[in-house]
Amino acid sequence: MARYVRIPGSIALITLANPPVNALSAAVRRGITETLSRAIADPEVKAVVLCGENGNFCGGADIKEFAGPMSGPGLVPMIDAIEAGEKPVVAAIEGVALGGGLELALGCHYRIAHCKARVGLPEVTLGLLPAAGGTQRLPRLIGLSAALDLITTGRHVSAQEALQLGIVDRLTEGDTLGVAVEFAQSIAGQPLGSRRLSTRTPACPADLDSFLQGALVQVRRRARGAMAPEACVRAVGAAATLPYSQGMQREQELMASLFRSAQARALQYCFFSQRLVGRWSTPSGARWDSAEPRPIRRAAVIGLGTMGRGIAVSLLQAGIAVVAVETDEQQLEAGRRAVTALLERRAQGRGSEGPLRFTTDLQQLRQVELVIEAVFEDLAVKKQVFRQLSAVCPADTLLCTNTSGLDVEQLAACTRSPELVVGTHFFGPAHVMKLLEVVYGPRSSPVAVATAMHLGKRLGKVSVAVGNCPGFVGNRMLKPYLEQAHFLLEEGAAPEQVDQALEEFGFAMGVFRVADLSGLDVGWRVRKEAGLTGPGVAPGESPRRRQGRRYSPLPDLLCEQGRLGQKTGRGWYLYEGPGAREARPDPWTHSFLQQYRQQHGLQPRAVPQQEVLERCLYALINEGFRVLEDGIATGPEDIDIIYVFGYGWPRHRGGPMFHAGAVGLATVLDRLEHYHHAHPDIPNLQPSALLRRLVASGNPPIQKWREVIRRVRSQL
Ligand SMILES: CCC/C=C/C(=O)SCCNC(=O)CCNC(=O)[C@H](O)C(C)(C)COP(=O)([O-])OP(=O)([O-])OC[C@H]1O[C@@H](n2cnc3c(N)ncnc32)[C@H](O)[C@@H]1OP(=O)([O-])[O-]
């Protein structure tokens, strides 16, 4: 769909019409091809302006079409025809020009953008490369180095940066179309020459080989095991070394290796899942499209520890006024310094922040519409805070708790308006991490959930609505994963071996390196409170059994030795000193594990890498199925988005539930049965009912799981 209008002054206006983002579907490509031929054939037309309906130039190729057979005119010949034409074509860019949309604009001879527009080639984030000439034209326009940065990161570039880089020729603050039409009139009839980017020679760094080699190393480090970034480097490299037509051929070959790959499928699944989780619903019938969020202008943050500081910064940057509360002047002063420093560090280039006030006086909360409590992770302390909040805040204030797994309903029960209490589980650092788990309790009202979800969006986060259970979705699933890692050490593996397997799978850091980074004492405290270790353990209980199931005391023993991770300079690994970051395998840990095994009569064995992966990941996935059975997450997409955005699950593997589908549910079931048979005292390895049901239903695609889930839930 593309509209054609002749405007006085010999200009043809072609408007892409496929809202909301004018994706280049087959119909749009056909429309452009036909209208362009019409403009070329019309002797009255001296120049063409190409624009998009609805304030958006073009969001790129239609991603929904990728799964099926391609039909209609190809993008490449269409863009080539624009460039080769004798009549100048001016792209009038409003909103976005992304992916194929920018490639289309690069085929035009001039680009005029509104100052609020954004451009970019984000194909790499979908497991692809800009294969409509983007890898060949962009380097010829802005040089190899800048093009490589844009193409391998997929980042969106502001109109101002686009102008500086030379991607666009001119910016306008006003009527983009009017400016573009006037401009088109002014250049009609001029020779096009080097305005055809394919005819240019790209500016390249002096030592091209080592530059490209360095780029490969960098992209491999950034996304371990991801294919698309490497292919992008190779395609851009071809622009430097080959003539345009051969470069295009190389671009097509590299695209062919990606287009139907499992990684591309996983990344495109993530794209759609990220949008799907915004269309949330709860078992009580609250829904994204019927619950109206409340506007939030003034908020309070209680507790200025690491999380509270990040949350305050996040709120301020979204333009929300914040009252930051601490218990005493000393803590308040420390919080003030930390928040101010964070704000200063992030200030450059950002918009205006909401006003900020610090206080130790809860009475100052009489005006706020929302409170986020971020005090110490202790139920009794939090209950006390909620009682106080309920007494001082207006009755209609939304009260949120930032907890990583405590019972939201117990906190709600301490307030006058339990329907206005929800969990907002931020991930640290809260002003950086993109995930927000919004936890609804049995009494949380639709408005409360909608307001928290909407707030997350305003803070630039991906918010996922989840039910209330210990650990919610993310941490609940993490528990069996961590447990398996500890059991594997007991059975003969070393921490670095487990980590290596997970890092080769694609995690930025293995489980033990993460534990050292976040501090082993966090889990230790939780286990002590749960009576799994410390004075709460019944006398005479075996150290390797708790509550009738296998237990590993290994992390407790490390904590008892004062090995708390990076902060003490030693944990599972050894560090240069307290606070140092480079993990080195520690002979102490090896001999400690050896002694431990001897003491408990455990015969160490060589644990294959595949077993490390299967036991850690399938235990986590199995818990994911239970989360779905229990209705804590609505669909597999919710879990996958939580893991990709909050737990470092490699995005090109789609998330744990997607991964299970990709491996094959029957295989996951088979391996879990195998491991459960070998370790009957680990209940987490016992395959869940839902997994069995899905396998029995013929391994449906992940998009169809919800139907099976509904059936299983109705029978439970
Ligand atoms: C083959 C040659 C190589 C070329 C490859 C490419 O071009 S690859 C493409 C390279 N391009 C990209 O990677 C850009 C991808 N898109 C984006 O980054 C953002 O959508 C945005 C910044 C354009 C708008 O953000 P926003 O927050 O304002 O809005 P929103 O994100 O909520 O989207 C609204 C609706 O539009 C839908 N939809 C959007 N784009 C596409 C599409 N291309 N296709 C289909 N659908 C698309 C989206 O699913 C959603 O649908 P829903 O859920 O309502 O049914």
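Order of listing sets the numbers, starting from 1, for every ligand and every atom in it. Numbers for residues simply follow the sequence, beginning at 1. Scope of the values below: all heavy atoms of this structure, side chains included, with no hydrogens, waters or symmetry mates.
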Subject >> Sub-6.0 Å ring centroid separation between Phe658 and Trp705 >> reply: no

Subject >> Gly60, Cys58, Gly59: member with heavy atom nearest to atom 11 (N) of ligand 1 >> reply: Gly59

Subject >> Identity and separation of the nearest protein heavy atom to atom 21 (C) of ligand 1 >> reply: Leu98 CD1, 4.5 Å

Original post:
Of all the non-hydrogen atoms in the protein, which one sits nearest to atom 5 (C) of ligand 1, and at what distance?
Top reply: Glu123 CG, 3.4 Å

Original post:
For atom 46 (N) of ligand 1, is some protein heavy-atom partner under 4.0 Å away?
Top reply: yes

**OP:** Give the numbers and elements of all ligand 1 atoms closer than 4.0 Å to a heavy atom of Pro20.
**Re:** 34 (C), 35 (C), 36 (O)

Original post:
When you look for heavy atoms under 4.0 Å from ligand 1, do you find them on the side chain of Leu24, its backbone, both, or neither?
Top reply: neither

Subject >> Gly120 backbone acceptor or donor facing Arg155 side chain under 3.5 Å >> reply: no

Original post:
Considering all protein heavy atoms, does one lie under 4.0 Å from atom 25 (O) of ligand 1?
Top reply: no

Subject >> Main-chain N/O of Val464 paired to Asp638 side chain as donor or acceptor, under 3.5 Å >> reply: no

**OP:** Would you check the N or O atoms of Ile63, main chain and side chain alike, for any that come under 3.5 Å of an N or O of ligand 1?
**Re:** yes

**OP:** Could you tell me whether some N/O pair between Arg118 and ligand 1 is separated by less than 3.5 angstrom?
**Re:** no

Subject >> Residue Ala131 vicinity, atoms of ligand 1 by number, heavy atom under 4.0 Å >> reply: 3 (C)

**OP:** List every atom of ligand 1 that sits less than 4.0 Å from any heavy atom of Leu126, numbering the atoms from 1 in the order shown and giving each element.
**Re:** 8 (S), 9 (C), 13 (O)

Subject >> Val21 and ligand 1 - part of the residue with a heavy-atom distance under 4.0 Å >> reply: side chain

Subject >> From CA spacing to verdict: side chain to side chain contact (heavy atoms under 4.5 Å, CB included), Thr15, Val5 >> reply: CA-CA 8 Å; Thr15 307; Val5 184; 5.7 Å; no

Original post:
Is the number of heavy atoms from other residues, nucleotides or ligands within 6.0 Å of CZ (Arg170) greater than 12?
Top reply: no

**OP:** Below 4.0 angstrom from a heavy atom of Pro122, which ligand 1 atoms are there? Numbered from 1 as shown, please.
**Re:** 11 (N), 12 (C), 13 (O)

Original post:
Only one of Gln274, Lys457, Met433 forms a side-chain contact (heavy atoms from CB on, under 4.5 Å) with Val462, so which one is it?
Top reply: Gln274

Original post:
Could you give all pairs that pass the salt bridge (Lys or Arg N to Asp or Glu O under 4.0 Å) test and reach residues 89-99, with sequence neighbours left out?
Top reply: none

Subject >> Identity and separation of the nearest protein heavy atom to atom 43 (N) of ligand 1 >> reply: Ala61 O, 2.9 Å

**OP:** Mark up the atoms of ligand 1 that fall under 4.0 Å of a heavy atom belonging to Gly100, in ascending order.
**Re:** 6 (C), 7 (O)

Original post:
Protein heavy atom under 4.0 angstrom of atom 16 (N) of ligand 1, is there one?
Top reply: yes

Original post:
How does Gln252 reach ligand 1, if at all, at less than 4.0 Å between non-hydrogen atoms: by side chain, backbone, both, or neither?
Top reply: neither

Original post:
If you count the atoms of ligand 1 from 1 in the order shown, which ones are under 4.0 Å from a heavy atom of Asp62?
Top reply: 44 (N), 45 (C)

Subject >> NZ/NE/NH1/NH2 to OD/OE distance under 4.0 Å, Arg710 and Glu707 >> reply: no

Original post:
Does Phe259 come within less than 4.0 Å of ligand 1, judged by its heavy atoms?
Top reply: no

**OP:** Flag Val96 as yes when one of its N or O atoms lies below 3.5 Å from any N or O atom of ligand 1, and as no otherwise.
**Re:** no

Original post:
Would Arg222 and Asp149 count as a salt bridge (charged side-chain N to carboxylate O under 4.0 Å, His left out) if you check the C-alpha gap in whole Å, the side-chain angles of each, and the deciding distance to 0.1 Å?
Top reply: CA-CA 13 Å; Arg222 238 189 268 145; Asp149 167 44; 5.7 Å; no

Original post:
Out of Tyr647, Phe472, Tyr643, which residue meets the ring-ring contact (aromatic ring centres under 6.0 Å, His included) rule with Phe427?
Top reply: Tyr647

**OP:** Please determine which of Val236, Leu165, Leu121 meets the side-chain contact (heavy atoms from CB on, under 4.5 Å) test together with Leu150.
**Re:** Leu165

Original post:
Which of these passes side-chain contact (heavy atoms from CB on, under 4.5 Å) with Ile14: Val89, Val48, Ile82, Val49?
Top reply: Val48

Atom pairs and distances, donor-acceptor, side-chain atoms in residues 59-67, under 3.5 Å, two or more places apart:
{"unit_1": "Asp62", "atom_1": "OD1", "unit_2": "Lys64", "atom_2": "N", "d": "3.0"}
{"unit_1": "Glu65", "atom_1": "OE1", "unit_2": "Arg29", "atom_2": "NH1", "d": "3.3"}
{"unit_1": "Glu65", "atom_1": "OE2", "unit_2": "Ala26", "atom_2": "N", "d": "2.8"}

Subject >> Close-contact set for ligand 1 against Gly99 heavy atoms, below 4.0 Å >> reply: 7 (O), 10 (C)

Original post:
Under the 4.0 Å line, does any protein heavy atom show up next to atom 8 (S) of ligand 1?
Top reply: yes

Original post:
For Leu628 and Gly635, which heavy atoms make the closest approach, and how far apart are they?
Top reply: CD2-C, 3.5 Å

Subject >> Minimum heavy-atom distance Ala105-Ile93, with the two atoms named >> reply: CB-CD1, 4.0 Å

**OP:** Check each atom of ligand 1 against the heavy atoms of Lys64 and keep those under 4.0 Å away; list them by number with element.
**Re:** 46 (N)

Original post:
Out of Glu103, Lys457, Met255, Arg275, who gets a non-hydrogen atom closest to atom 32 (O) of ligand 1?
Top reply: Arg275

Original post:
Can you check whether a protein heavy atom sits less than 4.0 angstrom from atom 29 (O) of ligand 1?
Top reply: no

Original post:
Among all protein non-hydrogen atoms, which one is nearest to atom 52 (P) of ligand 1, and what is the separation to 0.1 Å?
Top reply: Arg279 NH1, 3.7 Å

